[in-house]
Amino acid sequence: MKIKEKALVISQEKLAEGIYSLIIETKASQYAIPGQFVSLYMNDGSHLLPRPISICQIDKEKGTLRLVYRVVGKGTKEFSSLAAGDKLEIMGPLGNGFPIEGDRVIVVGGGIGVPPMLGLAEAHTGSVISVMGYRNDDTFLTQEFTDVAGDLIIATDDGSIGVKGTVVDAMEENKLEADVIYACGPKPMLKGVAKYAESHDIKCYVSMEERMACGVGACLGCVCQSKEVDDHSHVKNKRVCKDGPVFLSTEVEL
Amino acid sequence: MNTAVKIAGVEFQNPIMEASGTFGSGQEYSEFVDLNSLGAVVTKGVANVPWPGNPTPRIAEVSSGMLNAIGLQNPGVEVFCKRDLEFLKQFPNTKVLVNVCGHSTEEYIEVVDRLAGENRVDMLEINISCPNVKAGGITFGTDPKNVEAITKEMKKHAKQPVIMKLSPNVTDIKEVAKAAEAGGADGISLINTLTGMKIDVERQDFVLANKTGGMSGPAVHPIAVRMVYECANTVSIPIIGMGGISTWEDAVEMMLAGATAISVGTANFYNPTATTDILAGLKEYMKRKQINDVNDIIGIVK
Ligand SMILES: Cc1cc2nc3c(=O)[nH]c(=O)nc-3n(C[C@H](O)[C@H](O)[C@H](O)COP(=O)(O)OP(=O)(O)OC[C@H]3O[C@@H](n4cnc5c(N)ncnc54)[C@H](O)[C@@H]3O)c2cc1C
Ligand SMILES: Cc1cc2nc3c(=O)[nH]c(=O)nc-3n(C[C@H](O)[C@H](O)[C@H](O)COP(=O)(O)O)c2cc1C
Ligand code: FES
């Protein structure tokens with residue numbers, strides 16, 4: 001069930017340079033699962049389109065969602081000025097979310113792909129190893145990953161902490177094996193993780209990104225390329241907002 | 001209070017429709033809107049065979065509007081009939097307008113012929129104006145001679161009334177409206193999107209993979225009102241007005257300018273209940289102004 005409503009801002013804090021964590025109270029929390037996202041709408045009425053932001057953590061008891069995002073433009077800038085008591089128009093939960101599968105799993109996040117993996121690591125019933133990639137030592141959510149899942153491996157581009165290099169370098173260095181890998185991050189990273197999964201014969205889910213207008217599967221604005229003809233579109237296209245954002249790495253073109 | 005309007009003998013329970021391409025075939029929005037309460041569902045453009053559409057990004061935000069370059073992705077008329085029309089059978093109070101697209105007159109005819117036997121189709125809306133498909137759309141929609149010719153062909157084959165959907169990317173929309181009327185159209189709908197472009201100054205590149213896209217949303221509303229007004233005062237066939245309608249005021253404005261019915265497009269994206277909100281607002285307005293019949297406001301501002 002999708003909720004469109006004005007959510008109540010419970011709190012907001014800055015986690016790292018340009019990275020914010022927002023907790024909102026919304027009925028959408030009752031229906032959400034990890035890997036889904038919400039559309040956020042700006043107060044500035046000249047900006048009409050939704051900003052899709054992944055759900056980082058879900059607290060059904062408190063009725064809240066945690067969203068962690070990077071300020072990159074007008075919308076995220078506006079959201080970063082929200083404070084407790086403010087209202088924020090949202091729609092969600094949207095998309096399919098991560099299927100919970102496997103006894104031993106690796107969750108992989110890169111940059112602003114890190115946040116949705118926290119909720120998954122928390123909810124997953126198997127034993128979880130987290131591999132998170134950052135630009136440098138200005139990391140975020142690392143304590144939370146350790147708290148919810150234990151094993152956390154960090155990779156940084158500049159080597160200031162953890163493995164120097166990409167998350168794939170970190171996975172190779174640690175010779176990680178698993179039943180399932182889940183990944184969210186920039187395309188080149190997803191490609192690398194999918195390749196790792198393939199060469200180790202591991203099932204792999206990736207979370208994709210595309211520009212959106214409706215967020216519910218009606219406008220066909222947000223498609224990604226699929227390897228086979230899709231059941232809904234009848235062409236080699238899948239809607240990121242509705243059929244995704246989570247896909248098997250083998251069913252989409254990365 | 002009467003909210004029903006008639007176009008080419010088809011009665012709509014109210015003048016509120018949603019605009020082609022913004023609502024799929026209604027399924028995705030049926031979670032938010034009782035489709036049975038709408039005047040009509042207008043489907044996404046349907047072609048003879050599946051179309052893959054344009055590469056992404058297909059969407060860009062602009063001030064008070066958006067650009068889209070979907071490129072008329074659709075599953076083809078066969079799937080459309082079996083899946084989408086079947087779904088729409090659950091909503092008998094709502095009329096169904098099928099938006100038809102093609103690269104050539106032959107392709108349009110193929111779709112129109114296929115739809116001829118489908119009794120869930122109440123009306124055809126012929127999209128001769130999508131600016132995104134270089135191979136066809138634009139040339140049909142901008143030259144009055146072509147518009148008249150294709151309208152005649154559609155009328156020859158269609159079993160349902162034919163609405164020609166006009167492009168605003170022309171010097172004089174009145175000429176195109178006259179051509180559609182001369183070709184025998186049962187009505188016209190306007191406006192389709194205005195061709196626009198957005199450049200990312202940081203990347204120094206186009207935002208849309210297609211470079212250009214069709215602009216829609218509140219920013220285009222005054223242009224749409226002007227064009228509907230001009231057409232209403234030029235032709236005598238009914239008009240479905242659209243372009244930037246997001247509130248009941250916008251809808252009433254469009255009807256005062258001469259539209260018999262209106263459709264809501266881009267507004268659905270940020271307000272999924274825009275159509276039913278507008279209907280409620282329209283009824284409230286009629287009550288307050290003591291208007292007993294919605295037909296009494298059509299085209300009264302001259
Ligand atoms: C499924 C999904 C989940 C996401 N989850 C997160 C998250 O958890 N945290 C986070 O920081 N970011 C996330 N993003 C990216 C986020 O949506 C964009 O950073 C955000 O929309 C930018 O908005 P803006 O107004 O600040 O930027 P502007 O550049 O001003 O935005 C202009 C337009 O482009 C769109 N846009 C710009 N960048 C992106 C992008 N990368 N993806 C999709 N649309 C974009 C905006 O929505 C808006 O319509 C996610 C994207 C998707 C598709
Ligand atoms: C994403 C999107 C897809 C569209 N697809 C179609 C289409 O398939 N056929 C068509 O005739 N018009 C299409 N249109 C145009 C709309 O039906 C409408 O004419 C236009 O957007 C103006 O109305 P609006 O400002 O309320 O959106 C599309 C518009 C948008 C935004
Ligand atoms: S954003 Fe409209 S289909 Fe995905």
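Comment: R239(A) engages E28(B) in a salt bridge, judged by a side-chain N to carboxylate O separation of less than 4.0 angstrom.
Taken from SG in C219(A) to CD1 in I59(B), the straight-line distance is 4.5 Å, to the nearest 0.5 Å. Remark: H234(A) NE2 to F80(B) CZ distance equals 13.0 Å, nearest 0.5 Å. One distance of note links CZ of F32(B) with CD1 of I3(A); it measures 8.5 Å at 0.5 Å rounding. S63(B) OG to H47(A) NE2: the interatomic distance, rounded to the nearest 0.5 Å, is 5.5 Å. We find the OG1-CG distance between T266(B) and L48(A) to be 8.0 Å, quoted to the nearest 0.5 Å. Distance check, rounded to the nearest 0.5 Å: CD of Q27(B) to NE2 of H232(A) gives 8.0 Å.
By the neighbour-count criterion of 12 heavy atoms within 6.0 Å, atom CD of E61(A) is sparsely surrounded, having that number or fewer from other residues, nucleotides or ligands. The 12-atom threshold is exceeded at CG of N36(B), counting heavy atoms of other residues, nucleotides or ligands nearer than 6.0 Å. Counting heavy atoms of neighbouring residues, nucleotides and ligands inside a 6.0 Å radius, atom NZ of K60(A) exceeds 12 of them. Heavy-atom contacts from other residues, nucleotides or ligands closer than 6.0 Å to CD of E5(A) number more than 12. The 12-atom threshold is exceeded at NZ of K14(A), counting heavy atoms of other residues, nucleotides or ligands nearer than 6.0 Å.
Looking at K242(A), the atoms closer than 4.5 Å to chain B (heavy atoms on both sides) all sit in the side chain, from C-beta outward. The parts of E61(B) that come within reach of chain A are both its backbone and its side chain, each placing non-hydrogen atoms under 4.5 angstrom from that chain. Interface residue M212(A): only backbone heavy atoms are found under 4.5 Å from chain B. Only the side chain of P272(B) comes within contact range of chain A, with heavy atoms under 4.5 Å apart. Residue contact with chain A, scored on non-hydrogen atoms closer than 4.5 Å, involves the backbone of A60(B) exclusively.
Inter-residue side-chain proximity for R58(B) and V223(A) is flagged as met; some heavy-atom pair is nearer than 4.5 Å. Annotation: side chain of C214(A) is in contact with side chain of Y29(B) (closest heavy-atom distance under 4.5 Å). Considering only heavy atoms from C-beta on, V216(A) stays 4.5 Å or farther from F269(B) through its side chain.
N68(B) contributes no side-chain N or O that, together with a main-chain N or O of G221(A), makes up a donor-acceptor pair within less than 3.5 Å.
Top candidate by heavy-atom pairs under 4.5 Å with chain A, chosen from T56(B), T22(B), N74(B), is T56(B). Here E210(A) is the residue among Q225(A), R211(A), E210(A), E89(A) with the most heavy-atom pairs under 4.5 Å with chain B. For the set G45(A), C224(A), G215(A), S233(A), the entry with the most heavy-atom pairs within less than 4.5 Å of chain B is S233(A).
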(request) Dump the intermediate steps for side chain to side chain contact (heavy atoms under 4.5 Å, CB included) on M42(A) and Y270(B), then the final yes or no. (result) CA-CA 10 Å; M42(A) 291 176 65; Y270(B) 53 92; over 6 Å; no
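Nearest heavy-atom pair, N237(A) versus Q73(B), reported as atom, atom and distance to 0.1 Å: ND2-OE1, 2.8 Å.
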